[in-house]
Protein chains: 2
Amino acid sequence: MYSLSEENYLKAIYHLSNNGEESVNTNAIAEEMKTAPASVSDMIRKLSKKKLVNYQKYRGVTISSKGKYIALNVIRKHRLWEVFLVEKLSFKWDEVHEVAEQLEHIQSNQLIERLDEHLGFPKFDPHGDPIPNANGEIAPIPTTTLSMLKPGDKCRVICAKDSSSDLLVYLDKIKISLGARLEVTDFHAFDGSFSLEVEGANPITISSKVTENIIVEEL
Amino acid sequence: MYSLSEENYLKAIYHLSNNGEESVNTNAIAEEMKTAPASVSDMIRKLSKKKLVNYQKYRGVTISSKGKYIALNVIRKHRLWEVFLVEKLSFKWDEVHEVAEQLEHIQSNQLIERLDEHLGFPKFDPHGDPIPNANGEIAPIPTTTLSMLKPGDKCRVICAKDSSSDLLVYLDKIKISLGARLEVTDFHAFDGSFSLEVEGANPITISSKVTENIIVEEL
DNA sequence: TATTTTTTTTAGACAAATCTAAAACTTATA
DNA sequence: TATAAGTTTTAGATTTGTCTAAAAAAAATA
Ligand SMILES: [Mn+2]
Ligand SMILES: [Mn+2]
Ligand SMILES: [Mn+2]
Ligand SMILES: [Mn+2]
């Protein structure tokens, strides 16, 4: 069993490393975890001793396969609990993340396997992110963002990149939900904003900060 | 917000004090919490500073109304989660306690109120214990145990006093479940054991250790 | 390449929760 | 009521996870 802190660090490193592929900086981890860089150095030394990360002083850190497995298990729990909160307890998609941050650390394989079954073995969480299976295997996340499209392109919304309440509440407001069909009608070079047709809703113009955080499938 | 440790101490003190009515010894708390008495002294001083308990050195400790409110809120969460595990995830009544010990510390009023609603506002947990309401009010627990009855007496099982897996598995084995109707057929003075008729099951003889842990309503 | 800036690590401290051993206090008993 | 026994508290450590300030190393830049 690993501590709550260790689990959170591994999860942060996993996410920052682009799903375990790249090396991660101390400062980036510190920012993600909202701690001092010195604390990160300490924790990395500890994770390294336990073979959960590969580490050489001053050279950044990569997550080991053992560490990745633990991170993916925590992510699995996080996302299954988010599905539970939305599907069974009628939470909105912008209300689930903080609670899931707590629930993801509950230790019980029986619990999580039965929760999975109770939810009908969902493949995606309420934000469109794939749910790892019990072996720590996860479907790849598409990489096309709305910001990459051109006027005339049509797409379907797959996933929100950011799980902040601010983004999700805004997407609700402009009626962009998972699965929504969009058409890019105009691109404004001055600030990078996009004008869109949203199926079943009014046309809108949204900033590049928003389009960069919407993952889509081109149609 | 109080720490996991503080919550567990308050819960222990609440239970040991007979629902807040009596004073509790350091050693009793230490045994319940499986810690050294010295650790209990430290924690009591801390809880006392926060006005969660009333304390005079060497004189034992009583829980304050603020402390009782917190303890009952943790107990509420514990018991609601136990209902969830049994009703929604098909756990057996002897499998829920350890997981509920973790889940009871999740901090979210929204979560617990929606869980309560999702479960249909249950009044009792899977072991027959009453569930406190959101204001920290709790129904009294009956005090008649099976061990108090005499041959010829009939009763209905209300509640298991002990939540250990060992007791609960044993009760399953001899077909004593909540609501079961029993008739005392014989009392054996030598060891205090009882012979019983169990409605819909075979007659049995059980030890005083078991009869003392079954709360019943006489019929 | 030498210097400056940025990043990372180490040193030393702290709070929370625990421990063992010893001292202080209370209760029981001869 | 003196002494023994039991209970509780204090003293002093330890572990975990954090911090600030300073030192060390790497990267950027002049
Ligand atoms: Mn989330
Ligand atoms: Mn977390
Ligand atoms: Mn329980
Ligand atoms: Mn607990």
Side-chain angles (χ1 to χ4, degrees), chain A residues 1-18 22-63 67 70-71 74 101-102 104-107, chain B residues 1-14 16-18 22-64 67 70-71 74 101-102 104-107:
Chain A
M1 284 316 97
Y2 299 93
S3 75
L4 186 142
S5 245
E6 290 172 326
E7 289 191 344
N8 283 337
Y9 272 94
L10 287 172
K11 198 163 66 112
I13 294 167
Y14 176 82
H15 281 133
L16 291 168
S17 69
N18 193 20
E22 297 159 17
S23 164
V24 187
N25 301 323
T26 300
N27 275 1
I29 299 170
E31 199 186 340
E32 173 87 4
M33 298 287 300
K34 295 176 191 348
T35 59
S39 312
V40 176
S41 285
D42 287 345
M43 179 56 86
I44 285 174
R45 195 156 30 78
K46 194 171 142 193
L47 294 175
S48 175
K49 256 187 216 136
K50 296 189 180 182
K51 308 274 183 201
L52 300 170
V53 298
N54 307 112
Y55 171 59
Q56 275 177 283
K57 268 199 256 186
Y58 295 102
R59 291 269 99 121
V61 70
T62 57
I63 196 162
I70 293 161
V74 175
E101 277 297 309
Q102 297 180 61
E104 72 188 6
H105 302 288
I106 302 290
Q107 304 285 351
Chain B
M1 282 318 97
Y2 300 93
S3 73
L4 185 143
S5 244
E6 290 172 325
E7 290 191 344
N8 282 338
Y9 271 95
L10 288 171
K11 197 162 68 111
I13 294 167
Y14 176 81
L16 290 168
S17 68
N18 193 20
E22 296 159 19
S23 167
V24 187
N25 301 322
T26 300
N27 275 0
I29 299 170
E31 199 186 342
E32 175 87 5
M33 298 287 299
K34 294 176 192 345
T35 58
S39 312
V40 175
S41 286
D42 287 345
M43 180 56 86
I44 285 173
R45 194 156 29 78
K46 195 170 140 194
L47 295 175
S48 175
K49 254 186 218 137
K50 296 189 181 181
K51 308 275 184 201
L52 301 170
V53 298
N54 307 110
Y55 172 57
Q56 277 177 280
K57 266 198 255 186
Y58 293 102
R59 292 269 98 122
V61 70
T62 58
I63 196 163
S64 74
I70 294 160
V74 175
E101 278 297 308
Q102 296 180 61
E104 72 187 7
H105 302 288
I106 302 291
Q107 305 285 353

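Just so it is clear: chains get the letters A, B, ... in the order the sequence lines come, proteins before strands, and each one is counted from 1.
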- Item | Under 3.5 Å donor-acceptor, S64(B) side chain and K51(B) backbone | yes

- Think R59(A) has a side-chain N or O under 4.0 angstrom from the OP1 or OP2 of dA27(D)? yes

- Message: What is the distance, to the nearest angstrom, from the CZ atom on R45(B) to the C1' atom on dT8(D)?
- Response: 12 Å

- Task: Ignoring backbone atoms, establish whether N25(B) has a side-chain N or O less than 4.0 Å from OP1 or OP2 of dT8(D).
- Result: yes

- Item | Distance, rounded to the nearest Å, where N27(B) contributes CG and dT27(C) contributes P | 14 Å

- Query: Can you check the D42(A) CG to dC19(D) P distance for me, whole Å?
  - Reply: 10 Å

- What is the distance from atom NE2 of H105(A) to atom CD of Q102(A), rounded to the nearest 0.5 Å? 9.0 Å

- Phosphate contact (dT10(D) OP1 or OP2) by K57(B) side-chain N/O below 4.0 Å: yes

- Query: Within the pair S39(A) and dT18(D), is there a side-chain N or O less than 4.0 Å away from OP1 or OP2?
  - Reply: no

- Task: Compute whether any side-chain donor of one residue and acceptor of the other, for E32(A) and H15(A), lie under 3.5 angstrom apart.
- Result: no

- Query: Has Y9(B) got a side-chain N or O lying under 4.0 Å from the OP1 or OP2 atom of dT18(C)?
  - Reply: yes

- How many Å lie between CD1 on I44(A) and C1' on dT7(C), as a whole number? 12 Å

- Considering all heavy atoms, the nearest S5(A)-M43(A) contact: CB-CE, 3.8 Å

- Answer with base, sugar-phosphate or nothing: what part of the nucleic acid does S5(B) contact at a heavy-atom distance below 4.0 Å? sugar-phosphate

- Query: Could you state the CD-C1' distance from E6(B) to dT18(C), rounded to the nearest angstrom?
  - Reply: 14 Å

- Write down the distance between NZ (K49(A)) and C1' (dT16(D)), rounded to a whole number of angstrom. 13 Å

- Message: Apply side-chain contact (heavy atoms from CB on, under 4.5 Å) to residues V53(A) and V24(A) and explain how you reach the verdict.
- Response: CA-CA 11 Å; V53(A) 298; V24(A) 187; over 6 Å; no

- Query: Counting side-chain heavy atoms from C-beta on, which of dT10(C), dT18(C), dT8(D) comes nearest to S41(A)?
  - Reply: dT10(C)

- Message: Please report the distance, rounded to the nearest Å, between OH in Y58(B) and P in dT10(D).
- Response: 6 Å

- Message: Using a 4.0 Å heavy-atom cut-off, does T26(A) contact any base of the nucleic acid, only the sugar-phosphate backbone, or nothing at all?
- Response: sugar-phosphate

- Query: When the nearest nucleotide of DNA chain D is assigned to A38(A) and to S3(A) on a heavy-atom basis, which residue is associated with the more 5' position?
  - Reply: S3(A)

- Residue met sooner reading DNA chain D from 5', once M43(A) and Y55(B) are mapped to nucleotides: Y55(B)

- Item | Rounded distance in Å - NZ (K50(A)) to C1' (dT16(D)) | 10 Å

